Amino acid sequence: MTQDNTLYDVMVIGSGFAGMAAALFAAKRGLKVVQAGSTGGIDFSTGFIDLMGVHPISEGKRWMNPWKAIDAVVADHPKHPYGLMTSDEISASIDGFTDFLAEQGLEYVGNDDRNTCTLTSAGTVKRTYRLPKSAWKGAEAFESKAPTLIVDFNGLKGFSGNQLVENRKERWPELRTVRVDFPNGKGELYPEHMAWALADPANRVKLAETVMEHAGDAEYIGFPAVLGLIDPQKIVDHLEELTGKHIFEIPTMPPSIAGPRLRAVFDRGLPALGVQTLSQKMITGATMDGGVIHFTVGKGKAANTVSAKSCILATGRFFGKGLKAQRDKIIEPVFGVPVCQPEARDEWHGEAFFDKGGHPVNLAGVEVDSHLRPLGVDGSPMHDNLYAAGAVLAHHDWMRMKCGAGLAIATAYKAVVELAK
Amino acid sequence: MKVLQTRVLILGGGATGTGLARDLALRGVKCILAERRDINAGASGGNHGLLHSGARYVASDMEAAIECREEGEILKRLAPQCIEDTGGLFVAVEGDNEQYIADFQAMCDRSKVPARKLGLDEARAMEPVLSDKLIAAYEVEDAAVDPFMLSLDNLAHAMDHGAEYVRNARVVGFDVENGDIKCTRLRNERTGEEFLVEAEIVVNATGAWAGQVAELAGAKINILYSAGSLIVTQDRLTKRVVNRLRKAADADILVPGGTVSVLGTTSVTVDDPDHCKPTVSEVDRIIEDAKAMMPVLETTRYIRAYAGVRPLVLSGDAGDARNVSRGFSLIDHAGDNVDNFVTITGGKLTTYRMMAERTADMVCKKLGVTAPCLTAVEPLPASTMGRWTEPGLGPKSWIQDRNADDLVLCECEMVSRTAVNTIVENMGEMRGESMLQAIGLRSRVGKGPCQGGFCGLRITGHLYDEGHQQGQQGMDELRQFVGRRWRGFSPVLWGLGMVQADLQEALYCGALDLELDDDDETCGDE
C-alpha cells in the first residue's frame, strides 16, 4: 500500500454530477480537493440539466416554471433535498456549474424561469432547464414546428428517425427523416467514433453534401448527438455554414456522446483547478481519526491511503454504487450511514414498472441535517466533517420529478458552502 | 362479422393445444388453434422446462412415473432439437428423511425408472456446486426441454399440414343449440373485433382457464389453481437437472436451460389463474430452502422470476394441491349435454404428447375419422419458428453469417437485426399485433440480464424503421413489453439486479419520460 501524505481539505467520493460539482465548487473556493470514484452516472447522461419538472408525480403534472415546482414539492415534501437550500443558492449553483462548462468550451443555454421542451431519441418530448447549446435549436424547431429533417445513420443503433417522426407527426406535420451513410462509416457505428471522425472538417463537408441531397425546404436539420467530442459548437457552426440550415443535436441512448463530453470537461478542468483526481478508483475503507478521515483507495497492492479533513459523499444510488441493495436491506457501503428505506423488500417497488406513483425505493437514501451531514442511528450527525450530496440523499425521486442533475449540483454546492464555514 | 369454418377448434396454445393441432393435422383433420394471448402464455411457458425421467413420481404416483419414462423416451427420439439430454441427479442432505432415501431405488425399480446410486464424492465431482452435507445421490435420466421451441415446432408442423393459428383471440361465448356448440364467439384482444368460428368439435385446452371456458358452454369442471414460482439464475450452475431426494416439496429442483438454471418451484393455491405472479416472499423462500442442496444459491445472481398455474382437476373434496393427482383429465362434455365439446387439462409438460393423442383419439372418434395417431412415430421437425428460442443460437448465427451491416439489437443474447427480421417474417399473418411481445416469446430477446431494458428500445426503433410500427403504437408496445418483463424482474432486485433496474428506470423514466402521457406538448402549467 502506498501513501499520499498530503492532508486534503476535502475528499469528494463520487464522479457523477454531484461529485464533479462538489469538486468544482470546493476547488473554486480554494480548498485542497481530492476526488475518487469510478465511472459514474454522468457517462450515461443525456447532457440535459433538469432542475425540477414534475410534481406530484402521481398526477404526472408538469411545470413550466421550475422554481414554482420546487416551491410546490418542498411544500408537500418538506424533507426533499431542495428544502435544505434557498432558490438563490440553487440558482447560483447551476450558474456556477454551467459557467465552468462554458469556460471549457461546452456552452449551455436555457431560460431562467422556464423549462424548455426538447425531443428525445425515442420521439418523446422532455422538459429540461439547461441544454447544451448544440441541442438548443431543436427546442426552437419543436416550438415553432418548423419544417425539420431528422438525419439518422445506417449502422447507428438505438436511434430511429422513423420512430421519432412517427411519434410526433400528428402535431408536427413538417417533420421528416432520412437515413444516410455516415462519411466513411461502415458496419456498426458508435457515437464516440463518429464524433472523432467529425473532428476532421473534410468529413463534415461530406456529411453536409450527403444531407443536403435530402434537405429540401427544411429549415432545421437534427442529428443524433455525434457532432464532436470536445467542441460540438464548432462543428454545429460549420455544418450551419455548409448547409445554410439551423443544426441541432438529439441525445442518443447510452452509450452516447453527451456523457463523455461532460466527463471530458471535468477531466480537463478539475486538475487545472488543483483537484487531485483518483479516477476509476473506489474508496474501500474510511476511518475517523479525530478531525481527520483516512481513506483506503482501491484494493490489494494497488491500494493507497489518502487523508482529508472532511468528506463529501456523492456516491449516487444503486447504479453509482452509493447504495447497495442486499436481499434484506439497503446499506450505504462506505461509512455505513443508516439508509432511510421501506421496511421490507416487497415494499421497494410498485407492481407496474411505469407506476404513476413511482417506486417507494426511489425515496430511500441517506438522511441529512440542515448542514447536509448524514444522520446516524440516533438522529444526530454521524460525523462533524462528513457531508452528503446528490442522488444518495433520501426523499427525492429524481427520475420522475425530473430533478437529477439540478439536485446533484445544488446539493453539492450547498455541501461545500457548509463545510467551508 | 367474420366467420371462420373448420372441423375442430382448439382453444389454448400451450404444449397440449399445439400438440393436438399437430396430431389432428397429421391425421388430415382441419383445425384452427385460437389462443387468448400467444404461444405458452399459461403453464406451458411457466414451468421448469424439465423432461421428467419419472423418478420424481415413483413414490407418489406410479402411473405418472411410467408415463413420464415412456413419453420422455419418445420425445428424446422424435424431438431432439427441443431437448438437452442433461441427465439428472436426486440428492439428499443432512436432515432429509432417511426412510425415503432408503426406499428410493426400489421405488424406481418398481416403475422401471432407471436410477443408479452414486458415491458422494462421485456426485460432487459431477456437480461441484452440491453441498458438502450431501448424504445420498442417485443418477437418473431427467433432461431439459425448451417448452417454447416445443410448442412453436408443434405449431409450425401443424400449420405445414393445414392447421391455422389465431393469437390474441379470447373466447367470449358459445352458441349452444340442441346440445351442440354451433359456433364459438371470439374477440381479438388487440383490435376488439369479434369473430365467429363454426366447428364440428371444440376442444378446450386452456389449461388453468379450462374451468372458466367450460362454464361459458354450460359445463362444469372443478379446478384448483396451484401457482408455482421459479427463479432464473444468470449463469448455468449445473450440467444436470438436480432434484432434492425427498417427498415432493417446494424449491426441490434446479434445471439447466441453455446458459441459465431455473430453480423452483412453490405451490400456492390462488383463487384466479389470472392472479398468478411471482412474489418477493416466494423468491426468498425458494432460496432459503434450496441453498441446503447448493449453498451457491444464496449468493448467485438471479435475473428474473416467473410463475405458472398448474390446473389440478378436483374430483372430490378440495385438499392440499400437492396431494391432488398430477395426472391429466380428458373430459367428454356429452355428460354435460354438450356433445361436441371436449376438455383436456391437467397433466404435465412431459406427457403433453400423450395427452394430445388421447384427445385426438376422442375427437376423431366423434368425427368418424379413423386415421391413426402419428406423433409417437413421426419425428417433430425443427422449424424456423422455434429455432430462435435456443440459447446461444444468436451469437452462433451472427458469427457464422457475419455481415458488417447486421447489428446486434439484443446484446445480452446477441440477437441481431437479421434474426429479428427472420422472426417477423416467420410470423406471417400473426405479425402486426403486439409485435415486440411476440418477438420476445419467439427468441431470447429480453431474457438476458438487461430484461428488455436496452433491447426493448432498440428493437422498437428497428420495427419503426422497417415500417412495422406506426404512430404511437410501437411506444405503447414497448411500455407493455417492459411492464410484462417487470413482473418477473421486480421480485429479484437486490445486488446487481437492483443496479440494472436503477439504470433501466433512469433510461426509460429519467431520460425518456416514458412514464408520462405523451399528450401534452406544452411545457406544463405555469
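Everything numeric here is computed off the predicted structure, so don't read it as measured data. We use all heavy atoms of the structure for the numbers below, so side chains are in, but hydrogens, waters and symmetry mates are not. Chain letters run A, B, ... following the sequence lines, proteins first and then strands; every chain starts at 1.
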Can you label the angle between the B:Trp494 ring and the B:Tyr302 ring as parallel, tilted or perpendicular, going by 30° and 60°?
tilted
I'd like to verify something: which residue of [options] has the highest number of heavy-atom pairs under 4.5 Å with chain B?
options	answer
A:Ala122, A:Gly60, A:Ser45, A:Gly158	A:Ala122
A:Phe353, A:Trp398, A:Phe354	A:Phe353
A:Gly404, A:Ser121, A:Ala352, A:Cys403	A:Ala352
A:Arg345, A:Lys157, A:Lys321	A:Arg345
A:Lys186, A:Met401, A:Gln326	A:Gln326
A:Glu170, A:Glu143, A:Met253, A:Arg327	A:Arg327

Any salt bridge linking B:Asp513 with A:Arg400? Criterion: basic side-chain nitrogen under 4.0 Å from a carboxylate oxygen.
no
Taking only Lys NZ, Arg NE, NH1 and NH2, and the carboxylate oxygens of Asp or Glu, determine whether A:Asp50 and A:Arg127 approach each other closer than 4.0 Å.
no
Can you say whether B:Leu507 sits under 4.5 Å from chain A via the side chain, the backbone, both, or neither, judging by heavy atoms?
side chain
Can you tell which part of B:Asp284 gets under 4.5 Å to a heavy atom of chain A, answering side chain, backbone, both or neither?
both
Only pairs of heavy atoms separated by less than 4.5 Å count here; which of B:Tyr464, B:Phe489, B:Tyr508 has the most with chain A?
B:Tyr464
If we define contacts as heavy-atom pairs under 4.5 Å, which of B:Arg485, B:Gln504, B:Arg487 has the most with chain A?
B:Gln504
[X] portion near chain B, given a 4.5 angstrom heavy-atom threshold:
X	result
A:Asp355	neither
A:Lys402	side chain
A:Val165	neither

Near-ring test A:Phe159/A:Phe153, centroid separation under 6.0 angstrom:
no
Donor-acceptor pair, side chain of B:Ser397 and main chain of B:Gly394, under 3.5 angstrom
yes
